[in-house]
**Q** 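Below is a structure I'd like to ask you about.
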Amino acid sequence: ACSSNDDSSDSPSGASGKVTIKVAGLLPTADDAAKQQLADRVASFEEKYPDITIETEDYDWKASTFTAQLAGGTLPNVFEIPLTDGKTLIENSQLADIDSYVKALPYGDQFNEKLIANGTGEDGKIYAVPAKSIYAVALHYNRNLFTQAGLDPDKPPTTWDQVREDAKKIHDATGVAGYAMMALDNAGGWQLAAGANSRGGVIETFDGENYTATLDDKAVKEHLQWLHDLKWEDGSLLDRTDLGWGDINTEFAAGNLAMYTSGSDVYNSLVESNGVNSDWGYGLTAIPTSGEGGALTGGTMAAVTKDSTDAQKDAAVKWIDWWYLSKLQDKDQAVADAQSRVAANPPQAVGTPVLPIFSQANYEQSQEWITQYINVPLADMKGYTDVMFTQNLVPEASASVQDLYAQLFPVVQAVISDEGADIDQLLEDANAAGQSAIDSAK
Ligand SMILES: OC[C@H]1O[C@H](O[C@H]2O[C@H](CO)[C@@H](O)[C@H](O)[C@H]2O)[C@H](O)[C@@H](O)[C@@H]1O
């Protein structure tokens, strides 16, 4: 979705006052309706800001490709990063200082403090802002497969033992895998950490001075053993070690698995890229927890490339406001965004439950503004929405987080592909490598 006006591309902040910025757009897998919806929002932005031209680029953050994009200077002016990466990129001077532009926004001082801290430098300046979505990991399930297996889709499992039992019943009755696990790229480690957090464990501790990798935590082992048993005792785990964040969505939408864990925002992508709609039979419930366990929570931030000119930074923050944030703060923007999503053919998701970027009151107000446009199957998301503001939330680890995930995903792959995988040894090795990553980042 590019504007036809590219006469200022050689001189983004040139004498004409015109500026062009590239911005992260949709996933490469997004369908035409999603692309059209984005194009419509770009068009209305350019109408409001005639001196700014927006060029959108497909975007899919992956740890394995991001570093090269950053180093190679190929990122768009506005790009997305996980919350986990803000601090390091700021410390390494790899993000543009957008402090004055963000603080000039009418809500510039209203971000959830813990979230904006991830985009704030030691100098107190803002380099990245929470955007797109803040999520808690939740359990996504196929209601039709539950029904076909004689299970009540209105009573999804609330313990990992029940997930295992239901997965087996579904597999026995339908031949479809009852459960699947991301195992590719850092996504596999991220979801193993979520499993461990739900069982009361963590993958890193901090004593006020030092960070210690705890990849061999009892809860990590328990979750791996649980996956092992689904695969090797029950035969109910999808036999794939190559599923990343988007791949598992594709398999789920194709009806090839009944349950998996991922962020609560995944329904947006299932609609955007995989043709899921409110009649599809999608269900969302809380991740099972035990003991002190909780739901891993994380999210996305928008940042601006370091080499952007002042005019581009100004335009970039205007776009961040337009595309990600103003709909949470301004009724007209909320309605305009929702209307454009509903008008798409097929309609894009409106009302997927996520966690607040500002405050709970602000989130609830923004949902109220768009009540009439909400088209996600909220009745089938109650297992999650009933507890989303009360459940225990476990933030992602703080130091070298993606490096820890990178150490964990091969362990997930080993457990799924090798019945005799030595979980203790694999985790001991992963932990040593994870600790080295933490130490070398100091
Ligand atoms: O690649 C693994 C990483 O994935 C997370 O982000 C992805 O999942 C989010 C929740 O569904 C989604 O909002 C985001 O668009 C996806 O890229 C996560 O935040 C990372 O920390 C994690 O390593």
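Counting starts at 1 for both ligands and their atoms, following the listed order. Throughout, residue positions are numbered sequentially from 1 according to the sequence presented.
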**Q** Can you tell me which residue and heavy atom of the protein come closest to atom 8 (O) of ligand 1, and the distance to 0.1 Å?
**A**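 The answer is W245 NE1, 2.9 Å.
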**Q** Verify whether one side chain among Y141 and D166 offers a donor that lies under 3.5 Å from an acceptor in the other.
**A**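 Not at all, the side chains of Y141 and D166 share no donor-acceptor pair under 3.5 Å.
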**Q** For K221, does the NZ atom sit with more than 12 other heavy atoms under 6.0 Å from it, leaving out its own atoms?
**A**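 Atom NZ in K221 is crowded, with more than 12 foreign heavy atoms closer than 6.0 Å.
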**Q** Who are the side-chain contact (heavy atoms from CB on, under 4.5 Å) partners of E368, not counting sequence neighbours?
**A**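 Per chain and number, E368 pairs via side-chain contact (heavy atoms from CB on, under 4.5 Å) with Q365, T371.
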**Q** With atoms numbered from 1 as shown, which atoms in ligand 1 lie under 4.0 angstrom from a non-hydrogen atom of E396?
**A**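 Under 4.0 Å from E396, ligand 1 has these atoms: 20 (C), 21 (O).
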**Q** Among the heavy atoms of K132, does any lie under 4.0 Å from an atom of ligand 1?
**A**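 In this structure, K132 qualifies as a contact of ligand 1 - some heavy atom is under 4.0 Å.
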**Q** Test Y260 against every option in H140, M181, Q191 by the side-chain contact (heavy atoms from CB on, under 4.5 Å) rule and name the one that passes.
**A**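 The passing option is H140.
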**Q** Is the terminal nitrogen or CZ of R341 (NZ for Lys, CZ for Arg) located under 6.0 angstrom from the six-membered ring centre of W323 and within 45° of that ring's axis?
**A**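 Flagged: R341 positioned over aromatic ring of W323.
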**Q** Return the set of residues passing side-chain contact (heavy atoms from CB on, under 4.5 Å) with A196 (not counting sequence neighbours), or none when no residue passes.
**A**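 By the side-chain contact (heavy atoms from CB on, under 4.5 Å) rule, A196 matches A219, V220.
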**Q** Is any NZ, NE, NH1 or NH2 atom of the basic residue among D242 and R240 found under 4.0 Å from an Asp or Glu carboxylate oxygen of the other?
**A**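 Result for this pair is yes, salt bridge flagged.
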**Q** Select the closest option to atom 18 (C) of ligand 1 among F66, Y135, Y267, judged by heavy-atom distance.
**A**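 Looking at heavy atoms only, Y135 sits closest to atom 18 (C) of ligand 1.
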**Q** Nearest protein heavy-atom contact for atom 17 (O) of ligand 1: which residue, which atom, what distance?
**A**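 For this ligand atom, the closest protein heavy atom is W61 O, 4.4 Å.
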**Q** How far is atom 14 (C) of ligand 1 from its nearest protein heavy atom, and which residue and atom is that?
**A**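 Nearest neighbour among protein heavy atoms for atom 14 (C) of ligand 1, to 0.1 Å: T300 OG1, 4.1 Å.
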**Q** Would you please classify the geometry between the F79 ring and the F66 ring as parallel, tilted or perpendicular, with 30° and 60° separating the classes?
**A**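 Correct class here is tilted.
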**Q** Among protein heavy atoms, which lies nearest atom 20 (C) of ligand 1, and at what distance?
**A**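 Here the nearest protein heavy atom works out to Q402 NE2, 3.7 Å.
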**Q** Against heavy atoms of S133, which atoms of ligand 1 measure under 4.0 Å?
**A**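 The list of qualifying atoms is 13 (O).
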**Q** For ligand 1, which part of V401 has a heavy atom less than 4.0 Å away: the side chain, the backbone, both, or neither?
**A**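 For V401, no heavy atom sits under 4.0 Å from ligand 1.
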**Q** Heavy atom of V266 under 4.0 Å from ligand 1?
**A**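 Contact present.
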**Q** Identify, for atom 22 (C) of ligand 1, the protein heavy atom at the shortest distance, and state residue, atom and that distance.
**A**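 Protein heavy atom at minimum distance: W190 CG, 3.7 Å.
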**Q** Nearest non-hydrogen atom to atom 13 (O) of ligand 1 belongs to which of D265, L184, N186?
**A**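 The option holding the nearest heavy atom is D265.
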**Q** Just jot down the ligand 1 atoms closer than 4.0 angstrom to any heavy atom of G263, in number order.
**A**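 Numbered from 1, ligand 1 contributes 10 (C), 11 (O).
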**Q** Checking side-chain contact (heavy atoms from CB on, under 4.5 Å) against V350, which of I370, V271, D337 comes through?
**A**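 Output: one option passes, namely I370.
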